[in-house]
Each structure stands twice: as C-alpha cells, then as structure tokens.
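Structure, as structure tokens:
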Amino acid sequence: MVENNSVGTIFNIQPFSIHDGPGLRTTLFLKGCPLHCPWCSNPESILAAIQVKLSLEKCQQCGICVETCAENALTLDENQKPRLDISCCNQCLKCVESCPSGCISTIGRKTTADTVVSELLKDAPFYSNTGGGVTLSGGEPLAQPDFTAAVLAMLKREGIHTAVDTTGFGLQGHLDAVLPHTDLVLFDIKHLDYERHRQVVGVPNDRILENLKIVADQTGFWIRVPLIPGFNDDIELADRIVALGKSTGAERVCFMPVHRWGEHKYPCLGMPNTLAGIPGFPAKRSQAFQDHFRHMSDYVFITGG
Amino acid sequence: MTITARSKTLRDETCIKSLGRISDQRTVREGLSICLERARIMTDVFKETEGEPMCIRRAKGLAAVLDNMTLFVRDRELLVGCFSSSEKSLPTYPELYWRWLEKAVDNLPDYAAMLSPAEKAELKEIHAYWKPFSIHGRERAYIPPGRSWRIGDFISGGWMWQWEISTPDYKKILRKGLYGIIEEINEKYEAVAADISRPTRDRMRQMDELKAMKISVDAAARWGLRYATLLELHRQEETDPLRCKELDRMISVLSQVPSGPARNFHEALQCFILITFIINYIDQPQVGNGIRFDEVLGPYYEKDLADGLLTPAQGRELVEAVWIKMQEGGYVQPPQWVNNGGGGLGFQTITFGGTDSEGRDITNALTHLGLEVTGDLQTIAPQVAVRIHDNTPQSLYESIFRCVRTGCSQPAIFNDNVNVPRLTELGAALEDARGYSINNCMQPVIPGKNIHYRAGHSGGFLLPMCLTLALSGGRFDIMQGKLSGKRVGYPTPDITEMKSFKDVWDAFCMQVEYAGETLTMLANIADELLREYIPRPFLSAILEGNIEKGCDMRDWEFLGLRHHLVFGVNNAAEGLCAIKKLVFEEKKLTLDAFVAAVEANYDGDALKILNLINERVPRFGNDDDYVDQITVEIMRTVKAVCGRSIDIYGNPYVLDGTTASAPIGAGMILNATFDGRKANEPFHDGSISPVQGHDTAGPTATIRSVAKVKTRESGNLLLNQKFMPEFFDPKHYPVMAGYLKTIMDLGVHHVQFNCVDRQTLENAKLNPEKHKDLIVRVAGYSAYFIDLDNRMQDEIIKRTEQRF
C-alpha cells in the first residue's frame, strides 16, 4: 500500500453495517459537520475537535474535575456531580486526566489515512462475498476533504467498493477531490424549501441542490431523506423529492423515519438536547409512506420506523 | 404453513424430560418419574444368565426388555415408539451407574419425587444386586493415589457412563430390513462354525458374538410386530373412521418395519424411530443420532410425492411426528450435571445438507421441509445441523435463515471445507469423510461406521484452573479458594522463582500436560470397562464391519476420534494476558499481589486490580493479536498433549471443543480466576466464543479472532453469535449468505446463531410462565430459556448482541 499520512479526525468505525449502502459494510464515521440538525442521533459527530464525554455512573462526587476546568464548562449540579456545558468548553481535555474514577473520556481520535485503511481492509473478505464495502459517514466527510479523498483512493486501489454518506454541503473543489474515488454517494436531502432548510438545519439548501447535480454527473447515488414529523413528513414533498431523484438519475430514494436512540448522548456531551423537541415518528405515518409508494417499491424504500 | 392441530397437541402434551433448573426452583421437571421396568427386566436376566458370555447376557437382556416392556400409543399419534412404560417417565441403567442416583433419590426432594416409596425400595434392591458389577465404581480400584478427576482439582469431568456416539447404517436397515441383517449374521455364523481351522479362541468368541447379535436383532424385529399387535387392539376400539384408516395404515407399516425393508416414506420414518429408540434409550443411553435425514430419507419422500402416494401436507405431518418423538427423549442425569447439560434433553442431532461421496450437493425437498418444520414446531429436540460447502444452493441458505429467524436457535451450521479435510487427515477415506454427519455433541461422525466416540469418562482440560495451579505449585484448596493446600496438580516452581512471562507459561504448560495424563488414564480405564462389561451386540450388527469380523463394536475403532474436551480457553488466555501485560510488561502489580487478589475474589482492595484488568487487558474476540495469539498457543499446546495421549486402540486423542454448557456449569462452582472472572461466574461457552461481553469490536472482528485458531491445527471449535431478529429479514438473505460464506472461507468450523432480542430474554427471566416456548442456543444445543439456571440466563443475556 502506498503510504499516506493525511490526518483526519474520526469517532467510530462500525463494522457490519447493512443500511449504509449495498452488502455488508464497515462505516467510518468522521468528526465535524457544518449542519446542525436538531434530530441528529450522533451529536458527537458535530464538533470537529476531539471532545469530552461524561459517564457519571462511577462518579465519586470528588469535584476535582470542576476545579481543573479553567473555562467553567464543568460545574457541580445539585447532586455534587459535574455538569458539562459544551458552549464554554475549549477542549483542553485536562479534566479527562484529572478524574480519578474514569468518568470523563474523550470522543474522537486523530488518525492517518493508511492506519485507518488497514483497519478497514480487515473485513475485505466479508465485503467481497456480500457485495459490500466501506462507507464514509459522519459528521460530514466533505468537511475533511483531503483525508476523505486519501482514504477512498487507497480503498479503491485495493478493489473495495466505496460509498460516501454526505449532507451534500461542501465546496465543489472538495467534491472534485472525493468523487473520482467514490462508487456510490448517499446524498441526504432534508427539504426542498430554501428558507425552511436554513431555519431548521442552519444552512440553506441551494449549494446542496447544486452539488446534487455535480454528483449525478459523476457517480451513482442514492437520495436519503430523514423523515421528521412536522418538518418534512408530508407526502407532497416526498413526491417532489422522488421526482427529483428520478430526474437526476438517483438509483433509489430512501425515506428514513427519525429515531430517538441518540437522545441519551446529549447530556453526556454537555449539549442542549435538541432531539427532545422532536416527536417520535408514528408507525401509522410510516405505513402511509409505505402505502403511498407501494407501486414504486423497487425505487422508493422506507426503512425502520 | 403451520403445524397441524394434531402435532400441536402432541407437542404441547409431551413431557419435557430436561432436568434443567426451572428458574432455580427445581432440578427435575414436575411430573417426571423413573420407570423401573427396564432395570428390573435387565436385572432378572443377569441373575438368570450368570456364567454365560457377557455379549450373550447383554443380548438376552435387551431381548427380554423389548419383549416384555409396556408399550403405549399416544392419542392420535402417527409414529409410535417408546422407551419406558409411560410418556412421562425415564428408564435407568443400573449396569452403568447406581451410586449418584441412589444418593439423589435419598437426599434431593426433586429426585425423590420421581419414585413412590415402593419403587424406591425396589430401586435399592436392584442396586444391591449391581453394586459389585455396575461399571461406575469399578474404576476406583485402578486410580492411583494423588490423581483425581473431581471438578475443582484441575480438570472438569464426571463419570457419565452414558455418553457414546455412533450412527448406525440406516440406509442399509431401510433397504434390507432387520431380517436381511439376520440373514447376513446367519451366513457368517455358519461359515465361522464350520471353519474349525481357525484359532479356537477366535472361533468361539466370534460364534458367541454373532449369536448375541442374532438374539438382539431378532428381538428388535419382534418389537415392531408387538406394536402392530397393540395397534390392532386400538383399532378394534376406535370409532372415528378417519383414525381407523390411519390405524390400518400404521398396522401395515409396523407389520413391515423394522423387520422388512421400508417401502415408503412412512415406513422409513417409523423404522428410523424404532431403531433410534432402541440404541439411544433402551439398550444404553446414547447421545448422538447423527442421521443425515435428507440424504437417507429424502429419496423416500420424493418418490412417494412423485408416485402420488403422499401429499406434501401428509409428508409434512409425518416429519412433525418425528420431531415430536425426538422431543420425548431424555435421560435421568446426575444432579451435578444439570448445569453442564444445560436444560438437559434427548440429545439427538439430525443433519441436513452436505454432499454425497462424490462431492455433489445432496439438498432435496426434505432438506427444506425439515428446516421448515424445525422453525414452525419450536421443539428443543432434535438438534438440527446443516452442512455448508462450496456448492450449497442459495435456497438452502434461505431455508437456514428462515429457520433461525423463528427464534428456535437452530440450526447449527458446519463447514465442510474444514470437516472433510480434518476427517481425511485423521485417516478417513475421502468418500467416507464426505458422508459425515453431526452428532449431538456437535462432532462429526461417519454414519454407519463403527463407533468412534466413547466417553465413559467425560472430562476435559479446565484451562483456567491449569493457570491457577501453575501459580500455586499445583496446590489448591477449593473450599477456601486458596492457592495452597493439597497438591492436586504438577509441582511446578513457586511464584517467587518466576521471573518472566515465559516462566508462568512453562508452568501452565506443565499443568496442561499433567491434566492430559490424568484425563487419558481415566478415559482409558472407562473405555476398558465398557469394552469388558458392556458389549452392544444390537448396535454392533447395524454398524459396518462387525458382522464381517464377528466381533463387538467395542473391540476395534474405525477412526481415532477419542477426544479430550477443552474448557475456558479464552478465560485462560485472558488470564495469561493479564499476567504478561500487568505483571511483566507494565509492572503495575506483582504476581504475589495478583494471587492475593484472586484469593480475595477481587473483593475489597483487590477491586482495584479487577478494574486494572478490565481497563488494560486485551480481550479475545476483537482481532487483537496480543491476546488472540495466546489463545492460539494454548490450543496448540493442548492439541500436542492430546496427540501424545493414546487411546486403548492405539490411536492418539483429538482435541474437542464441543463442551455443551459444561464450561458454564464448571464456572459456577469454581473460584475466581486471573482473567478477572469472579468466583461462580460462568466460563465462556462454546469452546471458542469470546468471554461474555468481551467482544466489543463487532461480529466480523470476532470471526477474525476465531479464524486464527485453525480447527485443523486444534480441534472442533464452536462459536455462538447472537443477532437481532432484524438481521434475518428476507431482504438481508443475500448479505447473510455472504456473511456465512465468508465465515466458512475463513475456516471457522462451526457457528450457531441465537436470534432473539435482549428485551424478550429479560422479560422471560422475570415472567417465565409467559415465555415457556422461548428457545435459546446454549452451546451445541438448544434449551428452553425458562429451564436454565438464573445465572445461565444472565450469561445468555450478557452475550454480546451483534447490532447493525
């Protein structure tokens, strides 16, 4: 393998993924995302820097961490246990070393492309027997374009199928670096309305829709839509997204009803729990989508629920 | 399709014989009793035949049981067969054991309740006759002082006297009938009798053996006819015209088999059940079975379908009837084996798939039907195994996944690419090796060939204890949990003399070697006693080569597969790993302190050491070479020790990792170990599965770790993986098939899937009455979850769930 010392920040390598592209895949999660979707189930993916996480089951209420923190990001709550406010935290990580009970850990690590690729290649026999491969997800892979491109290029040299799961929010130059090494793009479309998109997700969608065309010109792609009650779960909008998929040449369109499994992560990260304000996706509604798109079941997929 | 109402009723009314603890409340199922008929008849025959050759006495004993035992027919059943006087009872085998049973009925209320006071008195009377003769007890005279088999010394095991595994030549029985086999015996007998040029001793022995075979095979043929007669009585009293028609057919079937050849599917299945019941429950308790169900019976099924003699629905109901018959099986187990045998059960395994002797795939309509019935019927017996090879059709993968998805924890999946070469390396011809099947202990057997597994003494290397003894100079006090006291292992150097990891490793290897010597001695004594006192003329006659040789199956060995088991290899590896890393590399603690922590069961101050282990020591199952290679080295060491151990036929032992739940049972009574396992916690199950909860890097990393332990360089190894049901959704079949193929490509010998979610298990533990049907795969066999000891339930819940 050609050595590549391009450095990236990742937070998880998830083997045995079957929802992030065809076959059995390993998903590499990169850290850092320019969007701020309130329903995010991986809130640890948003901040680009390595950050701290509290797990308080073992906390001895010694208060050392609070004394260590110069930024007042850690304060004591009514139970004499630390409370984290990420908005004050400068990620100095001094609290991690200070805790005698091992309650404070870090999320994310820096790694080089060749280190991570040798890890990803370990499951190569599983990829080839299942038509699977590797998916880069996040966070936003386009936010670390050099690292992403390097990892993908090395995987391609080893004959591995590559996929990139993206919000579509990135510079054209970054797409140009990444797409030549990508077999499949999992392209998220959250809303087609410029203003609604900007209000809820934090960025407008014009660049995303532009990038969709660039992707469509260069590689195979799926459109994926997280279904959020009250935001984008109306059938008329879904129809328009499916029509967009058809017109741009998407291989399939997947609607993914929101789940709340990530909710417990927010307080551990010192982040406001935005997911708390998102209602669960009713099974009935999910069924309505199933029924509506039944005639296109080889093109429109509704997962989970 | 779903099971028929008749099958459902019969299944629900079947008394489960498992002697598992029902949520820690009982050691024996309520309502289960001991039937003394077999023991009584056998004892009478032995009293009458004193002085006659042992093979003749055994044959007459079996014949008398078959001729005189009470037969019964269950309401509306299609296939008949029994092994004791009622469906809710089990026979005992006083010629094999008596002591533990007598102790149990005297001291344990659950066992005592299996007999009335009068029966208990009779049992004692029967035992009084057998005390000098029963083979369990005879071994004591031959064990030198200082060597012991007891759990807690350094090996796990017990005198079972009831495990033996060989699979008769069902194809031949179905083709010729027992009368055809008697003809063969007669021919041979006449030839031997006439040939007075033979050495006299050989000639006399062969004549006795052949005569014994004839007596027993004749009796088995008569047994079927006894059933035909009984059914005629039922027929006379039957008023339902539909049932009358069924009874007419059953009478015709039992007038034909097993004495004559099977002419159709129904006769073939009935013949199979009767033969299986004789060899596995009536003659001797024998776990196993090992029939290749689709290969042997599929042609009968397909022919009947083609000839219009059978509808698919009728065929399916007959297969359901076989499964229910299997569910009826069981044994009275020693109390100390209740955990080791898990839920306990009939221990019969049926094999599907694989190839013929030329290597062509044999999947047929019965393969799919059998798996479908397994999933729909949700019985714990038979255990179902499927062989996978390079040309296994996609349709069979799909049938497997459909079955797994029902949550019945079946089938176990075996890799031909490992098993066939392994058998040829052990000396089997390629054609024979390709015909292998799987027995209850998840070992390969070659159907029809002479016995290749005996386990009169069932024991194994309790590897975590070998490590404990390596650090105690071979001394151990199980009551106090101290690494001192009585010497039970090899006198290895004191820890004060251990200056490097290699010193510890060398001491460990010495303990393994010493354990191997002891195990071999014990197992060989057991085998000699079986050879001398428990000949099996009936089974001999239906295994290849015995009629021809005029000898008992115990007189020779077709293939050297006598085995020693291994327990807790990954607990031992992680213990060694902890010593290597924490004591010698990082110098975070001394050996002295480590020993003290283990003696303290990691309580009090020693908790810090436990935390250190949990934080810093690599665990098996995450593709981390640091620890995985220790596992590999241990297995190589044990395999080498086995190779130096020679059985009574002159063949080396093989290493076998199919220990059912014995490691869990053994762990439950043993002290803390160096891997951070506290006293009474189970060892990991399934011989090569990661320690519960230690596989945190996902299922593929576990497979990669396991694949490092090459089966052909070690032995049979069993891996359990637990998945969420979602995984086996039809839309994922192609991915799962690829996953399974990869496991096979990587050379993993055998994998089993549990498919049930954690929530369900937790609910079942709290509300057992609502989850009576919940089946889990424990290690080599399935069991009803509610029958398992609470700690074993916890272990299963803890087993890492593989999520997407």
Side-chain angles (χ1 to χ4, degrees), chain A residues 12-29 41-42 55 57-58 60 96-97 99-105 118-135 137 160-161 165 252 254 256 259 261-262 290 297-298 300-305, chain B residues 388 390 392 394 397 401 417 607-608 610-616 621-625 628 695-708 721-748 753 800-804:
Chain A
N12 193 13
I13 295 178
Q14 166 101 52
F16 222 88
S17 303
I18 55 159
H19 295 311
D20 296 330
L24 202 58
R25 312 188 71 81
T26 299
T27 304
L28 172 66
F29 289 91
S41 62
N42 288 330
S55 1
E57 315 85 66
K58 286 187 281 181
Q60 308 286 330
V96 179
E97 282 304 309
C99 175
S101 322
C103 300
I104 310 180
S105 54
S118 63
E119 186 68 24
L120 297 168
L121 286 175
K122 286 182 179 173
D123 269 348
F126 291 95
Y127 310 148
S128 57
N129 271 332
T130 61
V134 171
T135 299
S137 181
I160 306 293
H161 181 275
D165 177 14
R252 60 170 75 175
C254 310
M256 304 181 297
H259 62 77
W261 296 332
Q290 293 276 8
S297 64
D298 57 344
V300 178
F301 295 81
I302 291 106
T303 59
Chain B
I388 297 287
D390 292 341
T392 295
Q394 190 69 20
Y397 282 102
F401 299 145
N417 291 342
L607 180 62
K608 279 185 202 137
L610 181 60
N611 287 337
L612 205 56
I613 296 170
N614 286 332
E615 279 160 26
R616 303 202 60 82
N622 301 297
D623 193 18
D624 183 336
D625 269 342
D628 292 356
D695 49 337
T696 51
T700 53
T702 300
I703 297 288
R704 293 196 303 266
S705 282
V706 168
K708 291 174 196 170
Q721 287 201 311
K722 182 159 166 273
F723 290 100
M724 303 292 281
E726 177 202 13
F727 198 164
F728 294 98
D729 188 279
K731 69 172 181 270
H732 298 315
Y733 286 169
V735 170
M736 287 312 300
Y739 175 65
L740 194 46
K741 276 179 194 151
T742 313
I743 295 178
M744 300 291 139
D745 287 351
L746 291 172
V748 174
F753 298 123
T800 312
E801 252 169 33
Q802 315 289 5
R803 287 174 174 276
F804 298 116

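Below, chains carry the letters A, B, ... as their sequence lines are ordered, and counting in each starts from 1.
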In the structure I gave you, are the side-chain heavy atoms of Thr130(A) and Lys741(B) within less than 4.5 Å of one another anywhere?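 Thr130(A) does not reach Lys741(B) side chain to side chain.
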**Asked** Does a side-chain heavy-atom distance below 4.5 Å link Thr700(B) with Pro15(A)?
**Response**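 Contact flag for Thr700(B)/Pro15(A) side chains = yes.
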Item checked: Pro125(A) to Leu746(B) - nearest heavy-atom pair and separation ->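 Answer, listing the atom of Pro125(A) first, then Leu746(B): CG-CD2, 4.3 Å.
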Non-hydrogen atoms of Gly23(A) and Val735(B) that approach each other most closely
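Gly23(A) and Val735(B) have their closest heavy atoms at CA-CG2, 3.6 Å.
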Heavy-atom proximity to chain A below 4.5 Å, by part of Ala737(B) =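 Contact with chain A involves no heavy atom of Ala737(B) at all.
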Check: Non-hydrogen atoms of chain A under 4.5 Å away: do they reach the side chain of Asp623(B), the backbone, both or neither?
Finding: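 The answer is both parts of Asp623(B).
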- prompt: Can you name the one residue among His732(B), Met736(B), Lys731(B) that meets side-chain contact (heavy atoms from CB on, under 4.5 Å) with Ile18(A)?
  reply: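 Going through the options one by one, the only one that passes is His732(B).
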Inset, instruction - Please say whether more than 12 non-hydrogen atoms of neighbouring residues, nucleotides or ligands are located less than 6.0 Å from CD in Glu97(A). - result: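 No.
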